[in-house]
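Labels below follow one simple rule: chain letters A, B, ... track the order of the sequence lines, proteins then strands, and each chain is numbered from 1.
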Amino acid sequence: MNGEPFLILLVEDDPAHAEIVRRNLEDSRVANRLMHVSDGQAALDFLFQRGEYADLEKYSRPGLVLLDLRLPKVDGLEVLRIAKSDPSLSSIPIVILTTSAAESDMARAYECQANSYLVKPVDLADFKAMMEAFGFYWLAWNKYPY
Amino acid sequence: MIATILELTYNLALLVALSVISGFIRQHRRFLMWKPILQGLLFGGAAVLGMMKPLVLGPGLIFDGRSVMLSVCGLFFGPVAVAVAAGMALLYRILLGGPGVCVGGLVIASSALLGLGFHLRWPRNGKPLTVGRLWGLGMLVHVVMLLLMFTLPAGSGVAVIQRLGLPILLAYPLVTVVIGKLLSTQEAGMLALEALKESEAKHRQLIVNSHDIIYTLTPEGIFTFVSPAWTVLLGHSTDQVVGQSFELFVHKDDVVLCRAWLQKVIETGQRQEGVEYRVCHLDGTWKWHSSSAMPIRNANETVTGFEGTASDMTERKQAEVALQESEERFKSLHNASFGGISVHDKGIILECNRGLSEMTGYSYEELIGMNGLLLVAPDSREFVLDMINTGYEKQYEANGLRKNGDTYPMQLEARNINYRGKKVRTVEFRDVSERKKAEAALHLSEQKFRTLFENLTEGMALHELVMDADGQVQDYRLLDVNPAYQRHTGLEAATALGLLGTEIYGTQVPPYLAEFSQVALGGEPYAFETYFPPLDKHFHISVISPRPGQFATVFEDITERKHREEELKQKNAEMERFTYMISHDLKSPLVTVRTFLGYLEQDLEQGKGERVAKDMGFIRDATGKMGRLLEDLLEVSRVGRVVNPPVRVRLADLIAEALAAVAGAISTRGVDIKVEVPALVLCGDRPRLEEIWQNLVENAVKYMGEQSAPRIELGAQGTGADTVFFVRDNGLGIDPKFQEKVFGLFEQLDASSEGTGLGLALVKRIVEIYEGRIWLESEGVGRGTCFRFTLPLALKVMEKNDKEGARS
């Protein structure tokens, strides 16, 4: 706990959706910084602080991950599985944020130990409400050891 | 005269006493050797006693009974006795002395000799002497005696005869008769007694030695006597039997019979023969006995018991029973036989069974004495006659003739035997018309099944299990296969027949041994589908067991179907994925559009003019993406759904058109295109074929990256159906780990790309329609990509058409 709010990692291939998330978090006056990557490979590189993101000064570990499931190169579920099976990453909450409301996706996500599963609403008001609730819960009420 | 008579009577009494003593001697067997001497002494003694009290006529002249004694002694007891008696009498007479000594001695001698003479002349053989003969002897002896008186000195003989002649001749022969008769009667009684004794001994011997049991019973049936044969035949001692009722020994089922039989003996009063009953042996077994008995009666003619004999007839009874059984057996066999049996002598039937009668329609009575050849159809008679004449003893077939004129096939088998002293032939007739019919039916059915077997599209194979010494199934042997077997397995039937499963398929354990043996031993049919590695084929196998230890497999090569199923499964999975992706990929832009419309409203309300353009840009991108997606989806659905009629098109033309379609992108990026293709002609759906190159070129341009000298090469290598086409670029290249992913539906490697992720999937699908395959080669990121693919079907059809064209 150094006083500074932790970093949120947003893994989202659709730039429009990334923009929506970013705007909502801003509107909710969330103080946390948001890091956006647009494919699964980049997400893993960021989490493991390697490749492009090896610079430890520049990139810190995120305290929460917002993860889309449909991702280029490495699939969202695969990212989830890898992150949760790595001891150094497994304690980071991963919230799935996807358009898919398919039960099979939810089941698989929870099987891979997703901490939460959110479906993108098809309306700004709903999206806004959901992101506010998300902000309150995960960023205000929820407690972290870091 | 009176004195003379009295004197003689005295002598007579003496003689009677003598004869009693003589009888006593005779009865005593012990003195057998001495008996004549004793008799001689006795008679001699009597003669001496007589001489002691004689009739004295004058000094030294005496008359007494010595002549009677000696003659009777000689007559009855023979030479030894008479010699002894005569000796004694002579000795005593000499001692007395007197003028009569000489005459007295002569009288003694003559009496003894005459008695002996009679004894020798007429041997009695146990018969009593007649009165006449005795009197004759007496007369003779005493006439001789009187005649001897003339030898007396001084003529005193005449005086003696005058005085004693008459009384002597009257009395002495009479005395001789009386004594003789007395002795004779005594002798006869003794002989009778002896005969009785002898007979009794013989009888006893007979009873003791008899093999048959001799017994006596009281009227109530209590044994009063049994002979030792009982012990020999039945084991009990005679003491155990005597005093017991016969019912104790006779089988309870036979007691009534025995009682009735005894009753019959009483009623008839006659000997009754041969009652047969079972009687218990001491060891507990039952013996068959046969008995005869007659009643015993007392003086009042009432029956006081039975006497009878019994003999063991167990063996005979057993033989009888065995014979009867054998006869019955024979008879039942004879009649139970389905066939006809006859005994014939040169064709004439001597005996036959019911079967023959049933078979031929003739009655038994008609058949006996009939010529057996009449039972044979005329066309077979000569042949059958030959068989009879040659004494053939194996089976043969001929046509039979029934009484009603029907002919029928029959099987004959004959044996030459001795029957009642004749050499005859027994023949078994068997009506085989049913069998013939069945054979014909079987033949037909077999033919049918053989045809089925031969023409079955499924492969069929018959096997038998092979067991080891412990009866464990080890392997199986191929017995028969149909022509389809070879077609399905590719194995040569001729070489596989008779081989073991392990040999045919070259495996350690014969394939499916467990399943097959279960069917072959259990009989339950079983069907399964399986992949068969030795032949690299999928089979559907039905197993049935035609008989224990064997199994038949009916199998079908379902490799093709299995592949189709696999393909279908893949297609289904793809379809599932497809709908899932569509829902996602269509929803995604929708979220963008709706949300940014909301932001636009906010922008307008809040007067954030600067954000309007940006937000509208998101909306535009999203709707554009949706549009492309819809177009591509349409395209994908067209592939396989819309099939344009195949046309022939030159490869060069096809590529030129494809390039023209993407000319804009090419020129924008400034890509150098190089086309070097052989003069090939393809045949197929032209727009689809064009799409392959169009998509690949488009894809290459899209992922050109930072390349300063972008270049795309199009070409083809190889010949005919194996021709490999390629589209090579020097762009971004693809990380080897993603190389498989690129062909998947909706797969994109670059989030920023404008593609829908359908392009390469579309190409793959078209290639597959032409039975080709597509793959890519890239040495990695930044090193360019080369897509290669084949289109055998498009080229194969061409080749064929070319050949046809060349012919026409």
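Between B:Q602 and A:K128, some side-chain heavy-atom pair lies under the 4.5 Å cut-off. Using a 4.5 Å cut-off on side-chain heavy atoms (C-beta onward), A:K120 and B:K587 make no contact.
Open room surrounds CD on A:E103; 12 or fewer heavy atoms of other groups in view lie less than 6.0 Å from it. Residue B:E706 places its CD atom among 12 or fewer non-hydrogen atoms of other residues, nucleotides or ligands, all under 6.0 Å distant. Within 6.0 Å of CE on A:M35 lie more than 12 heavy atoms contributed by other residues, nucleotides or ligands. For B:R783, the CZ atom sits in a loose shell: 12 or fewer heavy atoms of surrounding residues, nucleotides or ligands are nearer than 6.0 Å. No more than 12 heavy atoms of other residues, nucleotides or ligands sit less than 6.0 Å from atom CD of A:E52. Within a 6.0 Å sphere centred on CZ of A:R22, heavy atoms belonging to other residues, nucleotides or ligands number more than 12. Counting non-hydrogen atoms of other residues, nucleotides and ligands closer than 6.0 Å to CZ of A:R29 gives a total of 12 or fewer.
Heavy-atom pairs under 4.5 Å with chain B were tallied for A:D105, A:T98, A:D126; the largest tally goes to A:D105.
Between the CG atom in B:D735 and the NZ atom in A:K73 there is a gap of 8.0 Å [rounded to 0.5 Å]. Taking CG of A:N24 as the start and OH of B:Y599 as the end, the distance is 4.0 Å to the nearest 0.5 Å.
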**Report entry** Worked verdict on A:R23 versus B:T595 for side-chain contact (heavy atoms from CB on, under 4.5 Å)
**Finding:** CA-CA 11 Å; A:R23 282 189 194 182; B:T595 308; over 6 Å; no
Query raised in the report: Please walk me through it: do B:F596 and A:L124 pass side-chain contact (heavy atoms from CB on, under 4.5 Å)?
Result: CA-CA 7 Å; B:F596 279 97; A:L124 178 58; over 6 Å; no
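Only the side chain of A:V119 comes within less than 4.5 Å of a heavy atom of chain B; its backbone N, CA, C and O stay farther away.
Of the residues B:L590, B:T592, B:V591, B:D585, the one that meets the side-chain contact (heavy atoms from CB on, under 4.5 Å) test with A:T99 is B:V591.
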